[in-house]
Protein chains: 2
Amino acid sequence: MPDKYRSPPPTLPPEQAQAERFEKARSAQATAVLEDYAELISDLIATEGEARPTDIARRLGVSHATAIKSIARLKREGLATSKLYRGVFLTEAGENLARRSRARHRLVVDLLVAIGAPRAAAEADAEGIEHHVSDETLAAFARYLNRK
Amino acid sequence: MPDKYRSPPPTLPPEQAQAERFEKARSAQATAVLEDYAELISDLIATEGEARPTDIARRLGVSHATAIKSIARLKREGLATSKLYRGVFLTEAGENLARRSRARHRLVVDLLVAIGAPRAAAEADAEGIEHHVSDETLAAFARYLNRK
DNA sequence: TTCGAAATGTAGCCGAGGCTACAAATATCC
DNA sequence: GGATATTTGTAGCCTCGGCTACATTTCGAA
């Protein structure tokens, strides 16, 4: 009997399903900072030629100490490299993350604008929303924008 | 003429604008937990007649100790009340927060589904997205859904 | 070339939100 | 009513991402 006719559709107890949704949101949040930094570092390198902690801090609106600490985390996770008193660079993995994040970010902004949100609100909201959009939903966004 | 009397530049330096967007996203994140709890407590009281820490913890997929600590924060912030070994209740402010959160949550799910996202993905993503949707964007969602 | 300003890095603090382990109160069942 | 199970609460630990204060390094300008 093919799988598709087998009985056990993962009809999770609704309680557990809800718990899983919350867990997913929490784990998305945990990587949000990494995505923001990767995206920003990549942009800075592209437009300024280098990504320096002070610039990163100013763009994110945090103290330079906070930026440096987060950059340390990026390094721990294998997303970035840097030498003392030199700029920050992305590893291959970091570049990939940055690329995906940027693409998602743009799609989210475009979709919000297409729906009718004011540009400024769309850009502000996208900063928080982008980290929680799954690939499936993202694909739906892309299809919608193509249709228009 | 002192700076403070000068007409403010209509366009913020882009750097600063970006920093403000990130700050907004961070502050939204700070209230996300409160919103989730308020919404859930309100639902539990409506459907079960009471909101008990163990149930809250199970629904959120978190240990009961974590739930109790967060409930303590809700109380500190004037959103909930509880007596020792008794259930949790929302204050007027807590009810208001719950009501707004629930409305926003529903709108977000509905919009994602309307755009074409699979229901399950929409519900999962909404859990994270809802906390970052501004009133302006929310209004755009409502208009869009009405048009359809 | 030196010296002061700017950038970078380090140390240590805080609160939030996770966790486990243990203690205390309440509910349940015989 | 008393033993046991469940629920609730407390204590203490962790990481993360904020911060300020201070130390060090680099850079630019006199």
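Naming convention: chains lettered A, B, ... in sequence-line order (proteins, then strands); numbering from 1 in each chain. All values derive from a computational prediction rather than experimental measurement.
- Among the nucleotides D:dT8, C:dT20, D:dG17, the one closest to any side-chain atom of B:S63 is C:dT20.
- Checked against C:dA7, C:dG9, D:dC16, the side chain of A:T54 finds its nearest nucleotide in C:dA7.
- Atom NE2 in A:H131 sits about 15 Å away from atom C1' in D:dC16, given to the nearest Å.
- Among residues two or more places apart in sequence or in another chain, the salt bridge (Lys or Arg N to Asp or Glu O under 4.0 Å) test is passed with A:R59 by none.
- B:Q29 places its CD atom 11 Å from the P atom of D:dG18, with the value rounded to the nearest Å.
- Per the geometry, CG belonging to A:L60 stands 12 Å off C1' belonging to D:dG18, to the nearest Å.
- A salt bridge links A:R104 with A:E35: at least one charged nitrogen is closer than 4.0 Å to a carboxylate oxygen.
- Listed for the A:T31 side chain is no donor-acceptor partner under 3.5 Å among the backbone atoms of A:L34.
- Heavy atoms from other residues, nucleotides or ligands lying under 6.0 Å from NZ of B:K24 number 12 at most.
- Take the nearest nucleotide of DNA chain C for A:D55 and for B:R76: the residue whose nucleotide is more 5' is A:D55.
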Contact string for nucleotides 21-29 of chain D, one letter per nucleotide 5' to 3', B = base within protein heavy-atom range under 4.0 Å, S = sugar-phosphate only, - = neither, reads ---BSS---

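- If B:I71 and A:T66 are placed on DNA chain D by their nearest nucleotide, the residue sitting closer to the 5' end is B:I71.
- Put simply, CD1 on A:I68 is 5 Å from C1' on C:dG9, counting in whole angstrom units.
- A salt bridge is absent between A:R99 and A:E39; no separation between the charged side-chain nitrogens and carboxylate oxygens falls under 4.0 Å.
- Residue A:L112 holds its CG atom at 5.0 Å from CD1 of A:I129, rounded to the nearest 0.5 Å.
- Atom C1' of nucleotide C:dG9 and atom NZ of A:K83 are separated by 17 Å, given to the nearest angstrom.
- One distance of note links CD of A:E95 with CD1 of A:I41; it measures 9.5 Å at 0.5 Å rounding.
- Rounded to a whole Å, the CG atom of A:L74 is 13 Å from the C1' atom of D:dC16.
- Toward the 5' end of DNA chain D, the nearer of the two residues B:P53 and A:R73, judged by each one's closest nucleotide, is B:P53.
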